[in-house]
Undergrad: 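Once you've had a glance at the structure underneath, I'll fire off some questions.
Every chain is numbered from 1 and lettered A, B, ... according to where its sequence line falls, protein lines coming before strand lines.
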Amino acid sequence: MNWCPKCQTVLANEQVTEGECWRCHSAVEKRDLTQWYLKITDYAQELLDDLDQLDGWPERVKQMQANWIGRSEGAEVKFTLCDKQGNAPENPTEDDLITVFTTRADTLFGCSFFLLAPESPILKGLVEGTEYEAAVMQVVEDAKKITAVERAQGNKEKHGAFTGRYVVNPINGEKVPVWVADYIVADYGTGAVMAVPCGDQRDFEFAKKYDLPIIPIILGDDDPLFEQLKDEQGRVVTSVDWDSAMEAEGRLVQSGKYTGLTGGKHSEGEEAIVADLEAAGRGKRKVEFRLRDWLISRQRYWGNPIPMIYCDKCGLVPVPEEDLPVRLPEDIDLSAGETLATHEGFAKCTCPKCGGEARRETDTMDTFTCSSWYYLRYTDPHNTELPFDSAKTNRWMPVDQYIGGIEHAILHLLYSRFFTKVLRDLGMLDFDEPFKNLLCQGMVLDEHGDVMSKSKGNVISPEEMIAGYGCDAVRAYILFMAPPDKELQWNEDGLAGMHKFLNRVWRMVYDLVGKADEDTLYQPGASDAEAAAARKVLLRERHRVAGKVVDDFDRNNFNTAIAAIMELVNAIGDYLRKVGPEQRAASVDEQALATEVANVLVRLLAPICPHMTDELWHDALGCEGSIHTQEWPEFDPEKAKDDEVELAVQINGKVKARITVAADADQEAVKAVALEAVQDAVAGKDLKKVVVVPGRLVNIVAK
RNA sequence: GGGAGCGUGGCGGAAUCGGCAUACGCAGCGGACUUAAAAUCCGCCGCCGCAAGGCUUGUGGGUUCGAAUCCCACCGCUCCUACCA
């Protein structure tokens, strides 16, 4: 197990990052303990396959989950263990065979030694009472001491020892030595590995360090990728061009009857060799996953009790359903060092089977077990009989939009998907995935670029900013600073600007509905033509911006939605300056336009600035009810269009002039206007081609 | 070591399908109003250049009528993962 010495508890693999505890960042140690697991590995394939259904998830998160699940296609190969005298059994039984997993069966001819993990359960039996025992057990002991942190920091010096035993390679009958090596991971594959030093850099390093033979197989003895110094057996390699060797997978197998077949993962050679091993009963196709079972036991008070009872007579007995849930005791003195195990009122119980004295399991479950399905309860929160009624939950779920930090990409989001599938298989849910759309908001960084966190003490307090500018301004400013999925380096320079903008909105709305006091934006002096132009732009912007904001919200682009609202506000400002209060008061049409624009503006801004818009809704616009139950403003894409468009005129892709044409002008007319606009520049040149992109530009290709 | 992503003005950022690069804002500069300041409003604001004009999306190539966007190589940064056979 992974053990955190500070938290005094075990951790799941997912909760160890770079060798450290996810919660307190202490270096994680290894311990041998008997613990409870959930068998998430049974769902490895489905958890991987169903990532394809998650169109609304960031690619990055799906990639991280796929890597974590880590599917590898390969084969199991059975080697025969020789006895202590080094003789292979004539008719080996299953007990005489040791299985390895490999993705490169085509390299079996290059296997020159055989490795076991230090934690391998058969290791002790192999060396017990032999002259090799001391050295092997030393490697086992040392492996426990090297912390995962040291390994993560690149301390990858490999250690090993010969066990004195041999195994026979099933493909060629070669006898190779068995070593223990600390770079073999016990709980991946079988904890035993065939070593092919000319095909694997780690095996190569190990072979060099302990002077083990290196057989050049992928390519043959004379391949230039291997720099060779042959000993009397003709098989010592001093170095390998690894970069090239990695790309050499398409090359040919050069050994035995397979000579001439291509090598590599899923290659002809690999297929042929696995097929022969299978026929001989010495191998079979196998898929391995990196994902391990989820260790849920925690040595903590807070957590769901694990509902199991230990009885001396009956063994392990589950708490019967009618006694569930098991509740934590509240009369426990944690500060005095009392634990669930020492709390007799909790730990002591009677066996549900025989009625005799028994003890409860006093470990509790990982907090992530609770967070893996809490959201289901939201669909039926008052149910006193069941966690949730399936009919209700199936109606509401899955969650349309889930929001969370990227730090949960593997932990919470993988566990929740697993729980959903298990509950579905138990008949309690009728869907496969809990969260249709996922938004991972970026983290907030301080001025040095460090992630803000309570434990680092570098968080900024929103209270002060809210006191100075109001929470609508703080909220709008945060949304405006960056798209939500991007990380954001905190900087308050623009906050005062956002505050000014909202004040401007406030005054404008009152001005538009004719309730401005003395503080109007109107500056006399605009001509009728200028007033008409401002009015036209305003009407267009009202429709264009409403469409853009609705669209931006669908894509979570809140920053550009706010930018668009600012553009509408700029158009309103121009209108208010040029069409004065008296003019507006005198015209029913003008009042209707101004009121509608005010109404649209306030509704567009409502999700961003909920407080001030609700006040404007009642006090300025005189509307009833809450603004937050209103629909988005309607809009007409036709009215968002201008009847004239400005086009760039390019010569060979460089902008040389700009022309204004009617929006519905036909291409020939546009071409003529464009050519006229640049006639001096193209004079005397050969016109190869004229590309007209309606509404955008004209590109003239001339030589 | 393996995987993913990013690089645009002084700054945050925009450009949704290959079509006017720098929207919107911050900072800065100039102006109006004011006895003055605040507040408010207007204008300028990528780089070089007096100008005409030229250059510009990390660097270098390629595809294309046209590239921030697609392809290749390199440089730099970030995140994830890590002795996974």
Undergrad: Taking B/U63 as the reference, what is the distance to B/G13 when you measure between their C1' atoms (whole Å, please)?
TA: 30 Å

Undergrad: Taking the same atom, P, in B/C44 and in B/C80, what whole-Å distance lies between them?
TA: 45 Å

Undergrad: Out of B/C84, B/G3, B/G19, which has the shortest distance to the side chain of A/N67?
TA: B/G3

Undergrad: Under 4.0 Å: is that the gap between some side-chain N or O of A/K265 and OP1 or OP2 of B/A85?
TA: no

Undergrad: Nearest-nucleotide wise, let me know which of A/G573 and A/N652 is further upstream toward the 5' end of RNA chain B.
TA: A/G573

Undergrad: I need the single residue from A/L601, A/L502, A/D574, A/L605 that forms a side-chain contact (heavy atoms from CB on, under 4.5 Å) with A/V569. Which is it?
TA: A/L601

Undergrad: Could you state the CG-P distance from A/D493 to B/A27, rounded to the nearest angstrom?
TA: 7 Å

Undergrad: Using a heavy-atom cut-off of under 4.0 Å over every strand shown, decide if A/R292 touches base, sugar-phosphate, or nothing.
TA: base

Undergrad: What string of B, S and - do you get for nucleotides 9-17 of chain B, 5' to 3', when a contact is any protein heavy atom under 4.0 Å?
TA: ---BSS-B-

Undergrad: Over how many whole Å does the gap from A/I69 atom CD1 to B/C80 atom C1' extend?
TA: 15 Å

Undergrad: When both hydrogen-bonding distances must be under 3.5 Å and the geometry is Watson-Crick or G-U wobble, what is B/C17 paired with, if anything?
TA: none

Undergrad: Specify the separation, in whole Å, of atom CG of A/D574 and atom C1' of B/C41.
TA: 12 Å

Undergrad: Roughly how many Å is it from OH in A/Y575 to C1' in B/C41, rounded to a whole number?
TA: 19 Å

Undergrad: Give the nucleotide from the list B/G3, B/C20, B/U81 with an atom nearest to the side chain of A/W68.
TA: B/U81

Undergrad: May I ask you to check whether A/E492 and A/W490 show a side-chain donor-acceptor distance below 3.5 Å?
TA: yes

Undergrad: Given the ring of A/Y183, does A/K158 sit roughly above its face, with NZ or CZ under 6.0 Å from the centre of the six-membered ring and within 45° of the axis?
TA: yes

Undergrad: Paired with B/A4: which nucleotide, if any, by Watson-Crick or G-U wobble criteria at under 3.5 Å for both distances?
TA: B/U78

Undergrad: Syn or anti for B/G9, with syn set at within 90° of 0?
TA: syn

Undergrad: For the P atoms, the ones on B/G12 and on B/A23, what distance do you get once it is rounded to whole angstrom?
TA: 15 Å

Undergrad: Look at all strands and tell whether A/G189 reaches a base, only sugar-phosphate, or nothing, counting heavy atoms closer than 4.0 Å.
TA: nothing

Undergrad: Measure from the side-chain heavy atoms of A/R696 and tell me the nearest of B/C83, B/G19, B/A82.
TA: B/G19

Undergrad: Do A/Q65 and A/W57 have a side chain donor and acceptor closer than 3.5 Å?
TA: no

Undergrad: Using the purine O4'-C1'-N9-C4 or pyrimidine O4'-C1'-N1-C2 torsion, is B/C17 syn (within 90° of 0) or anti?
TA: syn

Undergrad: May I ask you to check whether over 12 heavy atoms, not counting those of A/E676, lie within 6.0 Å of atom CD?
TA: no

Undergrad: State yes or no: are the ring centers of A/W294 and A/Y415 separated by less than 6.0 Å?
TA: yes

Undergrad: If pairing requires Watson-Crick or G-U wobble contacts with both distances under 3.5 Å, which nucleotide is the partner of B/U59?
TA: B/A73

Undergrad: Under a 3.5 Å cut-off for both distances, is B/A23 Watson-Crick or wobble paired, and to whom?
TA: none

Undergrad: For atom P, what is the distance between B/U57 and B/U69, given to the nearest Å?
TA: 9 Å

Undergrad: Sort out the partner of B/G66 for me: Watson-Crick or G-U wobble, both distances under 3.5 Å, none otherwise.
TA: none

Undergrad: So if I take every side-chain heavy atom of A/M64 and compare against B/C41, B/A82, B/C80, which nucleotide ends up nearest?
TA: B/C80

Undergrad: With sugar-phosphate meaning primed atoms plus P, OP1 and OP2, does A/I184 contact a base, only sugar-phosphate, or nothing at under 4.0 Å between heavy atoms?
TA: base

Undergrad: Using a 4.0 Å heavy-atom cut-off, does A/V701 contact any base of the nucleic acid, only the sugar-phosphate backbone, or nothing at all?
TA: sugar-phosphate

Undergrad: Calculate, to the nearest 0.5 Å, the distance between atoms CG and CD belonging to A/L445 and A/Q489 respectively.
TA: 6.0 Å

Undergrad: For A/V693, which contact category applies under a 4.0 Å heavy-atom criterion: base, sugar-phosphate, or nothing?
TA: base

Undergrad: Under 4.0 Å between a side-chain N or O of A/R290 and OP1 or OP2 of B/A85?
TA: no

Undergrad: How is A/N570 classified with respect to the nucleic acid when contacts are heavy atoms under 4.0 Å: base, sugar-phosphate, or nothing?
TA: sugar-phosphate

Undergrad: With no hydrogens and no angle check, just 3.5 Å: does a side-chain donor-acceptor pair link A/R23 and A/Q15?
TA: no

Undergrad: Nearest whole Å is fine: how far is B/G19 P from A/E646 CD?
TA: 18 Å

Undergrad: Taking donor-acceptor contacts at under 3.5 Å, does the side chain of A/N699 reach the base of B/C65?
TA: yes

Undergrad: May I ask you to check whether A/F558 and A/F480 place their ring centers less than 6.0 Å from one another?
TA: no

Undergrad: Where is the tightest heavy-atom contact between A/F113 and A/P197, given as atom of each residue plus distance?
TA: CE2-CG, 3.9 Å

Undergrad: Does a donor on one side chain sit under 3.5 Å from an acceptor on the other, for A/N570 and A/R504?
TA: yes

Undergrad: Using whole Å, report how far CG of A/N13 lies from C1' of B/C80.
TA: 16 Å

Undergrad: Say you pick atom P in B/U8 and the same atom in B/C55; how far apart are they, in whole Å?
TA: 22 Å

Undergrad: Using atom CD of A/Q15 as one end and atom P of B/A82 as the other, report the distance to the nearest whole Å.
TA: 13 Å

Undergrad: What's the OH-P distance between A/Y477 and B/G25, to the nearest Å?
TA: 14 Å

Undergrad: With respect to the side chain of A/R577, which nucleotide from B/A85, B/C42, B/A82 is positioned closest?
TA: B/C42

Undergrad: If you pin A/M566 and A/G70 to their nearest nucleotides in RNA chain B, which one's is more 5'?
TA: A/M566

Undergrad: Could a donor-acceptor pair under 3.5 angstrom be found where the side chain of A/K688 meets the base of B/C65?
TA: no

Undergrad: Taking B/U64 as the reference, what is the distance to B/A14 when you measure between their P atoms (whole Å, please)?
TA: 31 Å

Undergrad: Say you pick atom C1' in B/G58 and the same atom in B/G54; how far apart are they, in whole Å?
TA: 22 Å

Undergrad: Kindly say if A/Y188 contacts the phosphate of B/A85, meaning a side-chain N or O under 4.0 Å from OP1 or OP2.
TA: yes

Undergrad: Expressed as a whole number of Å, how far does the C1' atom of B/G46 sit from that of B/G9?
TA: 5 Å

